[in-house]
Participant: 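Here it is: the structure, laid out below.
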Protein chains: 4
Amino acid sequence: MASVNKVILIGHLGKDPEVRHLEGGTIVANFTMATNEYYKDKQGTRIERTEWHNIAAWRGLAELAEKHLHKGQQVYVEGRIRTRQYQDKDNQTRYVTEIVAEEISLLGSRPGTAAQPAATAVAEEPVTFRQEPELDQLPF
Amino acid sequence: MASVNKVILIGHLGKDPEVRHLEGGTIVANFTMATNEYYKDKQGTRIERTEWHNIAAWRGLAELAEKHLHKGQQVYVEGRIRTRQYQDKDNQTRYVTEIVAEEISLLGSRPGTAAQPAATAVAEEPVTFRQEPELDQLPF
Amino acid sequence: MASVNKVILIGHLGKDPEVRHLEGGTIVANFTMATNEYYKDKQGTRIERTEWHNIAAWRGLAELAEKHLHKGQQVYVEGRIRTRQYQDKDNQTRYVTEIVAEEISLLGSRPGTAAQPAATAVAEEPVTFRQEPELDQLPF
Amino acid sequence: MASVNKVILIGHLGKDPEVRHLEGGTIVANFTMATNEYYKDKQGTRIERTEWHNIAAWRGLAELAEKHLHKGQQVYVEGRIRTRQYQDKDNQTRYVTEIVAEEISLLGSRPGTAAQPAATAVAEEPVTFRQEPELDQLPF
DNA sequence: TTTT
DNA sequence: TTTT
């Protein structure tokens with residue numbers, strides 16, 4: 001039956017992506033990104049809350065994550081929610097929720113360094129990547 | 001820092017919402033909704049995968065969920081991702097990810113019954129509800 | 001440079017789609033869909049405003065629109081905004097804004113008839129369609 | 001009837017916002033922002049197409065646009081599509097489509113100047129603003 | 001663990 | 001009229 005499962009995130013990477021090459025040649029990149037909420041509590045104090053998201057990028061997006069993404073960078077990620085279950089060391093069922101990326105865009109400019117100031121460090125390459133539909137995830 | 005944490009879901013409720021009245025008068029409704037993905041595996045077999053999402057609706061949205069939502073109903077939910085941690089009975093840290101609803105819309109018409117066919121069973125009431133910003137979650 | 005142009009609509013079709021076969025074999029379907037806003041004016045009177053959107057569906061999505069979409073049906077459309085300009089009969093430049101569909105999902109069940117009640121009239125076919133990336137619109 | 005009319009844009013401002021104070025004290029800011037698409041034509045040549053969007057920000061968002069937005073800046077805009085009609089000088093009905101902003105976030109860092117390099121020119125203030133629901137546009 |  |  002028709003349904004929609006869509007996530008849109010803009011935030012900064014907490015770490016460089018970790019890239020794994022699976023048996024069979026498939027590549028997957030995992031990284032975390034932070035989004036922040038601001039609100040006032042009942043006393044009127046300004047509170048900041050950070051939400052950490054687990055992102056999984058497959059195949060083409062994984063290669064691009066490996067090449068172009070790094071800690072601290074601001075990105076746009078569009079994808080879908082997926083909760084996986086696994087058995088922990090005590091053989092209990094545990095759940096982890098992650099975002100499977102379908103599109104990633106690099107935002108802002110890269111932080112400058114002494115040798116290469118921000119104004120000139122901006123990527124020349126196109127910076128939006130979309131996951132091509134792969135055989136094992138084509139909509140039926 | 002500017003960030004975006006947005007989720008858009010269309011799916012069907014797995015159960016009637018569970019509504020709790022917290023100390024202090026706050027109301028929260030929890031329900032699950034399913035989204036489905038279809039893909040073909042490497043053998044070309046059609047696979048269906050169901051994803052279950054935990055939805056939390058607060059205050060005004062909780063009241064409306066209690067009044068208008070029921071098992072099996074198709075809904076549009078817009079919200080944000082939140083992962084909470086808690087201690088399980090063995091005092092281990094566990095995580096649960098849920099969607100905090102910010103807007104809920106009722107989709108489709110209600111299933112008809114013998115006494116009241118579908119064509120006339122459509123809700124008369126407005127069927128989109130948006131969460132009013134509350135004191136403790138106003139953007140700063 | 002990285003950018004995002006995304007539209008998400010849920011509404012009902014104003015008419016059956018109009019399908020055209022262009023020279024070269026490309027197919028395009030055009031239809032309108034309505035979304036509604038409700039608000040109260042300064043006197044507290046409830047106002048309803050209908051917004052009409054022009055949707056263009058190309059190639060695979062056009063075929064599916066032709067086969068599955070009809071006047072009055074509730075649909076989810078995801079796409080991007082495109083404004084085209086053209087010369088009117090007085091040779092003046094005019095603009096028309098439309099939504100180029102990238103994903104279409106059928107929502108709700110079909111209205112029941114005496115012969116075939118709503119409960120059994122639900123489409124058996126898959127009801128979400130995604131546009132495959134075509135040669136002339138592949139992200140670079 | 002329940003419907004959704006949602007637009008998500010990330011792009012750069014083409015000009016500084018134009019701010020008008022209407023009779024009655026209402027403030028509105030108008031600006032344009034560009035999004036870009038890249039594709040290859042049938043000869044394999046890389047084509048860039050720029051889409052220009054007309055954004056209208058009302059009340060609180062207008063003030064914030066006036067204060068924080070300027071030509072060239074990268075922004076996230078969430079809003080809804082609205083097509084207005086008007087009579088042109090020849091008394092013919094014309095249409096213009098714009099995006100009514102509901103949320104605006106500043107992305108990236110501000111372009112540096114000689115006196116104040118990019119690395120230190122980043123805004124200190126919170127940079128996401130949401131439109132508070134106003135009397136005349138409250139969901140009913 | 002990000003960013004301001 | 002933006003950005004790379």
Side-chain angles (χ1 to χ4, degrees), chain A residues 9-18 30-38 46-55 65 68-77 105-112 118-129, chain B residues 1-5 83 85 95 139-140, chain C residues 1-5 83 85 95 139-140, chain D residues 9-18 30-38 46-55 65 68-77 105-112 118-129:
Chain A
L9 301 173
I10 296 177
H12 293 80
L13 270 74
K15 294 186 181 172
D16 288 344
E18 289 181 9
N30 290 277
F31 59 91
T32 55
M33 62 185 282
T35 57
N36 302 288
E37 295 173 50
Y38 303 91
R46 180 185 190 266
I47 306 289
E48 175 174 358
R49 187 179 185 282
T50 297
E51 185 71 42
W52 286 100
H53 308 270
N54 302 308
I55 314 293
H68 291 92
L69 299 189
H70 53 83
K71 176 178 175 172
Q73 187 167 36
Q74 190 181 34
V75 290
Y76 167 91
V77 172
S105 291
L106 281 61
L107 301 178
S109 51
R110 302 212 198 117
T120 65
V122 175
E124 307 287 348
E125 317 91 300
V127 283
T128 298
F129 307 111
Chain B
M1 183 47 186
S3 65
V4 172
N5 174 357
T83 298
Q85 56 176 260
Y95 300 88
F140 182 64
Chain C
M1 183 47 187
S3 64
V4 173
N5 174 357
T83 298
Q85 57 175 260
Y95 300 88
F140 182 64
Chain D
L9 301 174
I10 295 177
H12 292 81
L13 271 74
K15 295 185 182 173
D16 288 344
E18 289 181 10
N30 289 279
F31 59 89
T32 56
M33 63 184 281
T35 57
N36 303 288
E37 294 172 53
Y38 304 89
R46 180 186 190 264
I47 305 287
E48 175 174 356
R49 187 179 185 282
T50 297
E51 185 71 42
W52 286 100
H53 307 271
N54 302 307
I55 314 294
H68 290 93
L69 299 189
H70 54 83
K71 177 178 174 172
Q73 188 166 36
Q74 189 180 36
V75 290
Y76 167 90
V77 171
S105 290
L106 281 61
L107 301 178
S109 52
R110 303 213 198 116
T120 65
V122 174
E124 307 287 349
E125 319 91 299
V127 284
T128 298
F129 307 112

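Each chain gets a letter, A, B and so on, in the order its sequence line appears, and its residues count up from 1.
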Participant: List for me each residue that meets side chain to side chain donor-acceptor pair (under 3.5 Å) alongside T35(A), sequence neighbours excluded, and say none if there are none.
Facilitator: H53(A)
Participant: Rounded off to whole Å, could you give me the CG-to-C1' distance for the L9(D) and dT1(F) pair?
Facilitator: 16 Å
Participant: If you round to the nearest 0.5 Å, how far is CE of M33(D) from OG1 of T50(D)?
Facilitator: 12.5 Å
Participant: Of the candidate nucleotides dT3(E), dT2(F), dT1(F), which contains the atom at the shortest distance from the side chain of N36(A)?
Facilitator: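 Closest of the options to the side chain of N36(A): dT3(E).
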Participant: Return the value, rounded to whole Å, for the distance between atom NE2 of H53(D) and atom P of dT2(F).
Facilitator: 15 Å
Participant: Mind checking side-chain contact (heavy atoms from CB on, under 4.5 Å) for N54(A) and listing every partner two or more places apart, or none if nothing turns up?
Facilitator: T32(A), V96(A), E98(A)
Participant: Using the side-chain heavy atoms of W52(A), tell me which of these nucleotides is nearest: dT2(F), dT2(E), dT4(F).
Facilitator: dT2(E)
Participant: Just how far, in rounded Å, is C1' of dT4(F) from OH of Y76(A)?
Facilitator: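 So the two atoms are 19 Å apart, to the nearest Å.
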Participant: What's the CG-P distance between D16(D) and dT2(F), to the nearest Å?
Facilitator: 12 Å
Participant: dT4(E) P sits how many Å from E48(A) CD, rounded?
Facilitator: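 Nearest whole value for this atom pair: 11 Å.
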Participant: Can you see which heavy atom on Q74(A) is nearest to which on G108(D), and at what distance?
Facilitator: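 Looking at all heavy atoms of both residues, the closest pair is OE1-N, 2.9 Å.
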Participant: Quick one: label G72(A) by what it contacts on the DNA or RNA (base, sugar-phosphate, nothing), any heavy atom closer than 4.0 Å.
Facilitator: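 Touches sugar-phosphate only.
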Participant: Closest to the A34(D) side chain: dT2(F), dT1(F), dT2(E)?
Facilitator: dT2(F)
Participant: Between the base of dT1(E) and the side chain of T50(A), is there a donor and acceptor pair under 3.5 angstrom?
Facilitator: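 Per atom types, no contact qualifies.
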Participant: Between Q74(D) (CD) and dT3(F) (P), how many Å, whole number?
Facilitator: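 Whole-Å distance recorded here is 11 Å.
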Participant: Could you tell me the separation between the CG atom of L107(D) and the P atom of dT3(F), rounded to a whole number of Å?
Facilitator: 15 Å
Participant: In whole Å, I'd like the distance from the CG atom of L106(A) to the C1' atom of dT2(E).
Facilitator: 15 Å
